[in-house]
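Below is one structure, written out as structure tokens; the observations come after it.
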Amino acid sequence: MKPPLAIVENLTKRFAPAAPPALDALSFTISAAQVTGVVGPDGAGKTTLMRLLAGLLAPSEGHATVCGYDTIKDALGLHHAIGYMPQRFGLYEDLTVLENLTLYADLRGVVGKARDESFERLLAFTDLARFTGRLAGRLSGGMKQKLGLACAMLRSPRLLLLDEPSVGVDPISRRELWRMVNELTADGVGVVWTTAYLDEAENCAEVLVMNNGKLLFQGDPKAMTESIEHRAFLVRGVAGERRTLLTRALARPEIIDGVIQGEAVRLVMAEGAKEPVPSDLMGFSGPLTPSPSPAGGEGSSAAAVERASPSPLAGEGTGVRGPAAAFFPEIAIVPAKPRFEDAFVALLGGQPKRTQAFEVPARPANGGGDAVEATGLTKVFGDFTAADHISFRIKRGEIFGLLGPNGAGKSTTFKMMCGLLRPTAGTAHVDGYDLYSAPAIARGRLGYMAQKFSLYGDLSVQDNLQFFGGVYGLTGARKRDAIGRVIAAFDLEPHLKTQAAELPLGFKQRLALSCAILHNPPVLFLDEPTSGVDPLTRREFWGFINAMTGSGITVMVTTHFMDEAEYCDRVALIYRGKSIAIGTPDELQASVKSAALPAPTLEDAFIALIEAQEQREAA
Amino acid sequence: MTQPLQPAAIPDPREGRLRRIKALARKETLQTLRDPSSLIVAIVLPMLLLFLYGYGVSFDVTTVRIGLVIENPTPWTDEFKQSLSNTRYFDVRVSPSRQAFLADLAAARLEGIVVISGDFSQRLGRADTAPVQIVTDGSDPNTAALVTGYVQGAWQSWLSQRLLSAGAPPVGLVVPVPRVWFNPELESRRFLVPGSIALILMMIGSLLTALVVSREWERGTIEALLATPASVPEFLISKVVPNFALGCVAMAVSVAFAIFVFDVPLRGSALMLIAVTAAFLLVALSIGLLISTVAHTQFVASQIAMLASFLPGLFFSNFIFEVASMPAPLRAFSLLVPARYFVSALQTVFLAGDIAAVLVPNILILLLMSAAVLALTARNSRMRLD
């Protein structure tokens, strides 16, 4: 067996003597010629670990030997041997692509003929040859990331450290990046890749799962996924009520995780728990829907359950009969292939559960029309059409997603929908009010949560709420009531005096959401709400959103992140300013199903639809 | 099994050093040329500040508005009045009673009142002491002192004229003949402009380097840079070189402004001016680097740069405030303020010439200071993030 590229022993890092360590006594090795994924929620210590491996931080205890060099004593040798791409790529935005490459080539001693060869290879590899004269700051997120990678790879490093290379990068660029990294490992380079996106961990040969500075698991991600074999299930046939069902399911102690997956609900059971049965999920507290046909006889109910349980694991749980099946003749619980994310959430102890009910009253709707209507929205900047006749309608209580790669026109469309940008042509209505002829009223009907939360970091939670309440024109008792309501709904009480900047990410998100709904809007707009957020925080956030749609709020969300799209009832796929497909996630997946792609994921659908569009445009 | 990998030999840190410095300096230059803010700091800021200091700050009072009280007009008092109003310094109003002027003095419509009492001519005729009262506004002591001085000067010259015209040779009378060298007209602008150039350069120099390094922290580029084989001295040198050039541009702009707009003579040689400037710029730039070792955002860096360079420069450089009249601890502190040496050197080069006895020690002290600050910077900055 080849010696490992890096040996880490008892590595501990404290930033303040009193605080809990950012990294707590980590010991592991990293092998050459493979991708080692470092996976964990936000704040787990992934970046700190990368900086320690790159010799940019000194360990408080323990040590790391990378490529044979002690990371502190032999930092110079180490820096000759590794490539490192920090989270923000480390590019000089006011330098061109070629100037950035030249700088790092000079710094890494790649000169003369070796440089020409290296540039040629990397520019071809990253497909940046056409853009060598462009300023790095003008590149798209995906291109920046590729350039960052090229700069880190100039002198074929023995170990390549990539810190969250896929944050803010669309799925197409992400696939290209993985292709590039896999070529490197084939040449024997060791790659360490940190990520909060769990679907990426499945691509790694080995993963280090971290939480709160501790190493929870090291090994083959498949082994981790297998650890929850037979514990993942999909509940189908509950499309209209899947959110209610999910809420019910999560209330049960034996169900440790649950997410919406298209029209189905995905559940993960606790270790040793029995297979879920429909009656458990319905509860017996009453019908979920106005009871459709209570007249269904014993026979038809049994038939439904027969159909519902084609499980190879069929055991004592499948023979359930009872009133539940009658309300959901279509319900079916089937075992699902476990995903890494399921195992990850299980390893972290399951999804955080709420104990009290979540109450957000919705404001009565204005008329019976659709909650949001966009008709032929077009925005032209100079000779560039950022949005080209985009139309959609969002029904009341629906979660609607604007999905698309970076720079596709999502944000432009979104800004027009918020009344922040005036369209060149087209109209937009929110809750029946025209955003351009009655902007003040229309904006008063919508709540908006910006990508970076737009909170005042120096103000306390209480002050932020007071401020946003005032901004929305709430005064006196109405303001007090509104603030009291969100404090109770989002459990903000213990943090009221904390400065917003000091809040843990999950609470920042809750606070931003609280501020956006203080004025009780019937429509809520979310801009990339959980991009780069770890799975636990993301589940918690969508739990709130689900609860709100239950009380009739309509939600529009922009995202380039497939997991978020899965939570949507319908999505519009935006590409190069046009809406190229619109439908439920399941419909989009079905539309690209083919012999080559028998079970497309939403990401597959996304990529296939974009490629088809490109072919159409080229033709 | 976990035998460590055999490392390749540790490379010689000196290998490729020049190439790395050149690459970093080139990067710095490109960034500066593309980022208008550095150019604004180097070119527009000095012009703006010089304009303010050159025109805005002046210790000269050109027209002093005087109320002349003549209680009892005689030919002699008329003559005295003439001698006051004939100079370009006074704007004289006359009244028989001081009551007329009191309100104007209080409202600062007059800088002073000169009272010639009713028995003035009588006493003068008796060759007795003939007092002239000068009332000034003590809330502005500088102007008050100037007015007193001007009036006394006018009085003196009237007196000697009177003796001459009376045909009486001033026998036995000691007449001081003042000669002011280097700035014969005692125009304050001539020493204020070189002083303000020193202050401007101090500020610009420390601001430039403090900003460019903290920008790397702010934008996260330092992280990628630190993971390359570049070392601390290479990084520091590459920051100093292009900004040194930029500092020289700022100096050239300031000097041109001083000579052509403010008519400040340059009596020393250009070579000496360059030598003094170079020594001082090194100090200012290294102070900026030292600031950037603690300030990792541009906002904090610029705040510290202002506090650490501008304020001490303003108070302890002899630019406006006389260090010699300060208490001993402050005088001792002023020895640490680099602007003090540059103010003295610049005033010498501009107004006096290449006076080696003043300039050489100043240059040496400045060089010593920059060496000390650079050493401190190198010691405080590690190629790590913590």
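Proteins get letters first, then strands, A, B, ... in listed order; numbering begins at 1 in each.
The main-chain N or O of A:Arg14 is found under 3.5 Å from a side-chain atom of A:Ser60 such that the two form a donor-acceptor pair.
A side-chain donor-acceptor contact under 3.5 Å links A:Thr47 and A:Asp163.
In this structure B:Arg26 satisfies the salt bridge (charged side-chain N to carboxylate O under 4.0 Å, His left out) test with no other residue, sequence neighbours excluded.
Of the two parts of B:Glu216, only the side chain, counted from C-beta on, holds a non-hydrogen atom closer than 4.5 Å to a non-hydrogen atom of chain A. In this structure, chain B has no heavy atom under 4.5 Å from any part of A:Phe15. With a 4.5 angstrom heavy-atom cutoff, A:Thr71 does not touch chain B via any of its atoms. Contact annotation for A:Leu161: neither backbone nor side-chain heavy atoms come within less than 4.5 Å of a heavy atom of chain B. For B:Arg34, the part sitting under 4.5 Å from any heavy atom of chain A is the side chain, from C-beta outward, and nothing else. B:Leu24 touches chain A through backbone and side chain together, each having a heavy atom under 4.5 Å away.
Counting heavy-atom pairs under 4.5 Å between each of B:Gln31, B:Glu223, B:Glu234 and chain A puts B:Glu223 at the top. Your options are A:Leu135, A:Asp106, A:Ile72, A:Asn100, and the one with the most heavy-atom pairs under 4.5 Å with chain B is A:Asp106. Ranked by non-hydrogen atom pairs under 4.5 Å with chain B, the options A:Ala54, A:Ala58, A:Ala6 are led by A:Ala58.
Applying the side-chain hydrogen bond (donor to acceptor under 3.5 Å, both in side chains) rule to pairs touching residues 302-311 of chain B yields B:Ser206-B:Ser309, sequence neighbours excluded.
Taking 4.0 Å as the cut-off between side-chain N and carboxylate O, A:Asp94 and B:Arg215 do not count as a salt-bridged pair. A salt bridge links B:Glu28 with B:Lys239; the closest basic N to acidic carboxylate O contact falls under 4.0 Å.
By the neighbour-count criterion of 12 heavy atoms within 6.0 Å, atom CG of B:Leu336 is densely surrounded, having more than that number from other residues, nucleotides or ligands.
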